[in-house]
2 protein chains.
Amino acid sequence: MLEPNTLGHVLTRSARLLNARVVAAVHAEGFTEVRDSWLGMLRHLDAEGVRSTVLAERLEVTKQAAGQLVSELERKGYLERIPDPTDGRAKLVRITERGLQAWLAGLQAFRALETELDSVLGAHLLTTLRDGGGALLAHLETLENH
Amino acid sequence: MLEPNTLGHVLTRSARLLNARVVAAVHAEGFTEVRDSWLGMLRHLDAEGVRSTVLAERLEVTKQAAGQLVSELERKGYLERIPDPTDGRAKLVRITERGLQAWLAGLQAFRALETELDSVLGAHLLTTLRDGGGALLAHLETLENH
DNA sequence: CCAGTTGGTAAAGGCTGTTTACTTATCGCG
DNA sequence: CGCGATAAGTAAACAGCCTTTACCAACTGG
C-alpha cells in the first residue's frame, strides 16, 4: 500500500543477505558454529586484547550483552579472556588462532563477493554505497544526539 | 582489526536509525505502542485485505511469525481479521482506521526526514542509495536462488 | 582512608523469530 | 463422488539476542 519506506527496507535486506553470504562461506570452511552476530564483535578486536566494556561501547549494547557474546565465543574456542595486567578487575578479550582462521575465511569470502559484485554491477557501485551510506549514517548519528 | 565488512555495518546501522526515527515520530503522534517490526508488516497491506500466509511470504518469515505479529497488531487495534469469502480456511488481514492513521503519521515522518536529508546531503544521495541498494539487493537475491 | 567510580558477573525476562506438530478446509483427479 | 495431497492457520516450546535490575570487587582522587 502507499509506497513505503523502501530505503529502509532495501538497506536492511541487502545488509542481511550480505552478512548471510559471508557467514555461509565461513561455514563452508568448516567453522559451522559461526553466526551473524559474531561479525559485529570480531570487527572490534585487535591483537593486544580489548576489554569487554570497550566492546560494549563500540557495539552500542550493554556490557552484559557484550559479556554474553564473548562468553559464547569463548566456549566455542574463538576468543579467550586474559587478565588485564594494568587493572585487577579487568580482563582482555583476545582472538584465538581458531578465531583468527575463521575471521580470515570470512574476510576472504567478503573480498571475493566484493569483486564479483563489482564485476557485475560496476566497480563504482559498492564504493558509492559505502561512501553514501557512510554520509547518511554520519548525519543520522548527529540527529540522534539531538 | 583488519578492516572489516564495513559495508554491511553501514547498511545495517543506517537502516536501524532510519526506522527508529520514523517510529519515534509516530510515537510523538500518540501511537506509543508502535514498534519497529510493524513497519515491515504494514508495508505489505492493502485495502482489500491480505492473507497472513501472503504476508509471511513477503516478509520472508514463517507463517507462524506473521500470524503472531498480526495477532499483536490486532489486539492493539491496528489490524483486523475478516473471513475470506473465497476460502473457508483463510482470513484476510486488513488495516483499521486507527492503523491507517498511524501508518500515515509514519509516512509523513519519513517524507519529512527524506526532505531534510536531501537538503543536507544533496538531493541525489538518497536516490543513489535507493537505486544502488536496489541493484545490489536484486543481484544478491539472484545469488540466493543458486 | 574511604566515598565514588569502573569492570565485570548473575538472574530474570522481553521481543522476535524458528521448529515441530497438529486441525481444518480446499482442490485435483480417477 | 470420494480420497489423497496440499494449503491456511493455530499452538506450544524454545533459540538468539538483547535489556533491566542487582550485585561484587578493584581502582582512584581528594
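Order of the sequence lines fixes the chain letters, A, B, ..., with proteins taken first and strands second; residue numbering starts at 1 for each chain.
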With sugar-phosphate meaning primed atoms plus P, OP1 and OP2, does B/S37 contact a base, only sugar-phosphate, or nothing at under 4.0 Å between heavy atoms?
-> sugar-phosphate
B/R89 (side chain) and C/dT24 (base): donor-acceptor pair under 3.5 Å | no
Distance-only side-chain donor-acceptor flag, B/E72 / B/Q68, under 3.5 Å | no
Return yes when atom CD of A/E33 has more than 12 non-hydrogen atoms of other residues, nucleotides or ligands closer than 6.0 Å, and no otherwise.
-> yes
Heavy atoms, side chains only, cut-off 4.5 Å: are B/L55 and B/L45 in contact?
-> yes
Could you give the CD-to-P distance, from A/E72 to C/dA10, as a whole number of Å?
-> 16 Å
Return the value, rounded to whole Å, for the distance between atom CZ of B/R75 and atom P of C/dC15.
-> 11 Å
Can a side chain N or O of B/R81 be found less than 4.0 Å away from OP1 or OP2 on D/dA8?
-> no
Length of the line joining B/R16:CZ and D/dC18:C1', which is rounded to integer Å = 10 Å
What is the minimum heavy-atom distance between B/H27 and B/T32, and which atoms define it?
-> NE2-O, 3.5 Å
Nearest-nucleotide 5' precedence on DNA chain D, A/D36 against A/K63 = A/D36
Value in whole Å for how far the C1' atom of D/dA15 lies from CG of A/L69 | 15 Å
Nearest of C/dA21, C/dG8, C/dG17 to any side-chain atom of B/Q64?
-> C/dA21
Scanning both residues in full, the closest heavy-atom pair of B/E114 with B/R130 reads OE2-NH2, 2.9 Å
Is it true that B/E116 and B/R21 make a salt bridge, defined as a side-chain N closer than 4.0 Å to a carboxylate O?
-> no
Nearest-Å distance, CD (B/E74) to C1' (D/dT10)?
-> 13 Å
Remember a base hit wins even if backbone is also touched, and classify B/A90 as base, sugar-phosphate or nothing at under 4.0 Å, heavy atoms.
-> sugar-phosphate
Taking for each residue the nucleotide of DNA chain D with the nearest heavy atom, is it B/S71 or A/E60 whose nucleotide lies nearer the 5' end?
-> B/S71
Across the strands shown, which category fits A/T62 at heavy-atom distances under 4.0 angstrom: base, sugar-phosphate, nothing?
-> base
Separation of A/D87 atom CG from C/dT5 atom P, in whole Å?
-> 17 Å
Residue B/V61, side-chain atoms from C-beta onward, closest of C/dT18, D/dT19, D/dC17 | C/dT18
Would you say D/dG9 has OP1 or OP2 under 4.0 Å from some side-chain N or O of B/T53?
-> yes
Starting at atom CG of A/L79, determine the distance to atom P of C/dG8, rounded to an integer number of angstrom.
-> 14 Å
So does A/Q68 reach the base of D/dC17 with its side chain, donor to acceptor, closer than 3.5 Å?
-> no
Rounded to the nearest angstrom, tell me the gap between atom CG in B/D84 and atom P in C/dC27.
-> 11 Å
Look at all strands and tell whether A/G67 reaches a base, only sugar-phosphate, or nothing, counting heavy atoms closer than 4.0 Å.
-> nothing
Between the side-chain atoms of B/R51 and the base atoms of D/dA8, is any donor-acceptor pair under 3.5 Å?
-> no
